[in-house]
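Once you've had a glance at the structure underneath, I'll fire off some questions.
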Amino acid sequence: MLSPKRTKHRKQQKGRRGGQAKGGFALDFGRFGLMSLDRGFMTAQQIESGRVAINRHVKRGGQLWVRIFPDKPVCKKPAETRMGKGKGAPEGWVAVVKPGRLLFEMDGVAEDVAREAMRLCANKLPFGCRFVVRGEIQ
C-alpha cells in the first residue's frame with residue numbers, strides 16, 4: 001500500500017474539501033485519463049485496487065501513471081469508546097480528491113481498451129469519474 005516514508009506530524013485535522021481541484025487537472029503524461037467528478041477521500045487500498053484493475057485489463061501493456069498519493073493520516077477511535085479522552089490513533093492514509101482531479105493516466109493502448117480499463121477502475125472508487133482523452137475539450 002502507498003504511504004509516506006515520514007511525516008512532520010503523526011496526526012492531521014480533517015480540513016475542508018470545498019472547491020475545484022487547484023492542480024492535477026490536465027493530462028500531462030498519457031493520452032487517456034480518469035477524472036473525478038465528485039469530492040472525497042480515496043484510501044490507499046482504493047488507489048491500489050484501481051491500479052490492479054487497470055493493469056489486469058490491459059494485461060500489463062502500455063504505461064500507467066497514478067496521479068494521486070495518500071499523504072493524509074486518518075485517525076479513528078476504537079469501537080464502543082466513550083466520547084472525550086483525545087483523538088484516536090492513526091488508522092490509514094487517504095488522498096484528498098476534488099472535482100476535476102486526474103486520478104490515473106495511461107498510454108500505449110487503444111482507446112477502447114483504455115476506456116474499458118478505466119471503467120473497471122471507476123467501479124472501485126467511492127465517487128463518480130469520467131474518461132478523458134488528450135485533445136478533446138474537457
Side-chain angles (χ1 to χ4, degrees):
M1 285 316 132
L2 293 172
S3 66
K5 286 192 176 82
R6 55 183 294 276
T7 59
K8 190 168 184 179
H9 300 289
R10 213 167 65 94
K11 299 176 182 179
Q12 266 185 37
Q13 292 186 339
K14 220 174 285 182
R16 296 291 170 261
R17 298 175 292 186
Q20 298 288 320
K22 288 196 301 187
F25 47 79
L27 284 166
D28 292 331
F29 303 102
R31 277 184 46 215
F32 311 110
L34 188 67
M35 182 181 279
S36 70
L37 297 175
D38 303 323
R39 69 189 75 253
F41 287 148
M42 196 166 160
T43 66
Q45 291 86 351
Q46 288 165 341
I47 296 170
E48 181 65 13
S49 69
R51 186 190 68 77
V52 167
I54 291 172
N55 276 334
R56 279 200 180 137
H57 184 73
V58 298
K59 297 181 177 63
R60 293 177 50 206
Q63 191 169 3
L64 178 70
W65 291 270
V66 180
R67 294 287 308 272
I68 52 175
F69 186 80
D71 56 356
K72 184 184 208 52
V74 172
C75 299
K76 193 172 180 187
K77 289 177 81 77
E80 300 179 10
T81 305
R82 293 186 179 186
M83 294 287 101
K85 295 190 174 49
K87 187 169 179 162
E91 176 134 310
W93 297 91
V94 298
V96 179
V97 177
K98 294 183 177 184
R101 176 73 195 206
L102 275 170
L103 309 172
F104 297 95
E105 288 186 36
M106 68 184 315
D107 202 353
V109 294
E111 182 174 345
D112 57 334
V113 174
R115 189 176 293 274
E116 179 62 17
M118 294 294 188
R119 185 191 67 78
L120 292 170
C121 174
N123 287 337
K124 300 191 174 295
L125 304 184
F127 38 74
C129 299
R130 76 178 183 136
F131 181 75
V132 292
V133 181
R134 184 186 294 272
E136 288 184 3
I137 302 207
Q138 299 172 8

Any side-chain heavy-atom pair from Pro73 and Thr7 closer than 4.5 angstrom? no
Taking the side chain as every heavy atom from C-beta outward, state whether Glu111 and Phe32 have any atom pair closer than 4.5 Å. yes
Look at atom NZ of Lys124 and say whether more than 12 heavy atoms of other residues, nucleotides or ligands are closer to it than 6.0 Å. no
Is the shortest side-chain heavy-atom distance between Pro70 and Phe41 below 4.5 Å? no
Is it the case that the side chain of Glu116 and the backbone of His57 share a donor-acceptor pair, with hydrogens and angles ignored and the cut-off at 3.5 Å? no
Measuring from atom CZ of Arg119 to atom SG of Cys129, what distance do you get when rounded to the nearest 0.5 angstrom? 13.0 Å
Same apolar cluster (I L V M F W Y, side chains within < 4.5 Å links), Val66/Val97: yes
Heavy atoms, side chains only, cut-off 4.5 Å: are Phe127 and Met42 in contact? yes
Do Val94 and Ile47 sit in one hydrophobic cluster, given that two such residues count as connected whenever their side-chain heavy atoms are within less than 4.5 Å of each other, even indirectly? no
Is Lys76 atom NZ crowded by more than 12 heavy atoms from other residues, nucleotides or ligands, each under 6.0 Å away? no
Could you report the tightest heavy-atom contact between Leu102 and Ala26, atom names first, then the distance? CD1-O, 3.1 Å
With a 4.5 Å cut-off on side-chain heavy atoms, are Arg67 and Leu103 touching? no
Please give me the minimum heavy-atom distance between Lys11 and Lys87, naming the atom from each residue. NZ-O, 3.3 Å
Might you point out which heavy atoms bring Gln46 and Thr43 nearest each other, and give the distance in Å? OE1-N, 2.9 Å
Are any side-chain N or O atoms of Lys98 and backbone N or O atoms of Ser36, one a donor and one an acceptor, separated by less than 3.5 Å? no
Quick check: is Val58 connected to Val52 through a chain of hydrophobic side chains (ILVMFWY, heavy atoms under 4.5 Å apart)? no
Which pair of non-hydrogen atoms, one from Ala114 and one from Val109, has the smallest distance, and what is that distance? CB-CG2, 3.8 Å
Gly88 versus Cys75, closest heavy-atom pair with distance: O-CB, 3.5 Å
To the nearest 0.5 Å, what is the distance between CZ (Arg134) and CZ (Arg31)? 9.5 Å
Give a yes or no on this: more than 12 heavy atoms of other residues, nucleotides or ligands lie within 6.0 Å of atom NZ of Lys85. no
Kindly work out whether a path of hydrophobic side-chain contacts (I/L/V/M/F/W/Y, heavy atoms less than 4.5 Å apart) joins Val133 to Val113. yes
Let me check something: do Ile54 and Phe131 share a hydrophobic cluster, defined by ILVMFWY side-chain heavy atoms less than 4.5 Å apart, either directly or through other members? yes
Residues Leu34 and Val132: closest non-hydrogen pair is N-CG2, 4.4 Å
CG of Leu64 to CZ of Arg51: how many Å apart, nearest 0.5 Å? 7.5 Å
Do the side chain of Glu105 and the main chain of Gly30 share a donor and acceptor less than 3.5 angstrom apart? yes
Counting only N and O atoms by type, is there a donor-acceptor contact under 3.5 Å from the side chain of Arg39 to the main-chain atoms of Gly19? yes
When you measure from the side chain of Lys14 to the backbone of Val74, do you find a donor-acceptor pair of N or O atoms at a distance under 3.5 Å? no
Can you check whether Leu2 reaches Phe69 side chain to side chain, under 4.5 Å on heavy atoms? yes
Rounded to the nearest 0.5 angstrom, the CG-CG distance for Asp38 and Leu125 is 11.0 Å
